[in-house]
Amino acid sequence: MQADLNFPFPQGPATGELVPVCPGVQWLRMPLPFSLNHINLWVLDDGDGCAIVDTGIHDDTTRGAWQSILDQHLGGRPVTRVLATHCHPDHIGAAGWLCEHWQAPFWITQGEWMQANLGQARNGGVSQEAMAAHFKRLGLPSSRIRRMTRMQGYFQRMVGPLPTAYERLVGADTLTIGGREWQVLIGRGHSPEHACFYCEELNLLIGGDQVLPNITPTIGVTAEEPNGNPLGLFLHSLDAFYALPPDCLVLPAHELPYRQLHFRVTQLKLHHEERCDLLLRACGEPMVATEAAQAMFSHRNLSGFDIMLALGETLAHLHLLMRQGAVERFTDPDGVYRYRTT
Ligand SMILES: [Zn+2]
């Protein structure tokens, strides 16, 4: 295994600019209103038109940038289809708008399609009651829980009306786009059924959020599935990526394209192993989830939305350890969970 990743492109495209990656594949970026301030999107030649992979959020900036890219750089060629890696707002926010404008079909896995529809129908997919009960069990004070339930609705703010129907992407299926074959690989844990696309002819993987080069994708337990094991699913689904050539070029949804996929997959696995070890040491003394989160994110002052993400991540590691028999959970008389190393 060769050490460390290499990055053939020193920097990403500016908003509204297209950068060729290889024949028939172009790279663009859309801005995001988060600390992670951009998303990478991909345009693939598809006969007389082009296929788009992921869309950016649904706001004026993104729609304006798409308009100028389609008019100026793609010479008014039609969008033949919109493909989504997964249902998060930065990936599918503008999908409905693009599909409607071009009368183009929307390709997504069934799991992501369902989750996107839940997100739009139900404040991100979960009721306020379920959310309040979940965070109470984790030891969060009720004043904080009230503030948290008020933060709901972010999905609708960044996602426009969804496409009216979808074409199903299925793991291991092969799609032909512009005469080239792309194999669908499924990642889990970050989202329900995350599609990645591998083209053997180009030795290229569109990786979405599954295999990012520096940051690790959020793997979190949510109120919707409070006893879920997303980290177990994520780590298991990563194994499939060892079957791809180690020197393939990975096009991630954030940061820069890179090579050394196998090395990165191993790094991701080790990262989570280290996080589990940290929790195992911390839970020598029984603790509630908020304390465990503080131990895991001790370098950060957690507030607002970060608390929710940190708790989700912490639970993901605790639940994996519980399934391995390394941690047990018991319930206080007041209904709050405590976790301890066995
Ligand atoms: Zn995502």
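Read the numbers this way: they start at 1 and go in the same order the structure lists the ligands and their atoms. Side chains are part of it too, since the values below use all heavy atoms of this structure and drop only hydrogens, waters and symmetry mates.
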Subject >> Heteroatom count (protein N, O or S) under 2.8 Å of the Zn ion (ligand 1) >> reply: 4

Original post:
Hey, is the main chain of H91 close enough, under 3.5 Å, to the side chain of T55 for a donor-acceptor pair?
Top reply: yes

Original post:
Side chain of H190, backbone of T218: donor and acceptor closer than 3.5 Å?
Top reply: yes

Subject >> Presence of salt bridge, E328 and R340, under 4.0 angstrom >> reply: yes

Subject >> More than 12 heavy atoms of other groups within 6.0 Å of E100 CD >> reply: no

Original post:
Between D48 and R77, is the closest basic N to carboxylate O distance under 4.0 Å?
Top reply: no

Original post:
Got a donor-acceptor contact below 3.5 angstrom from the Q26 side chain to the L18 backbone?
Top reply: no

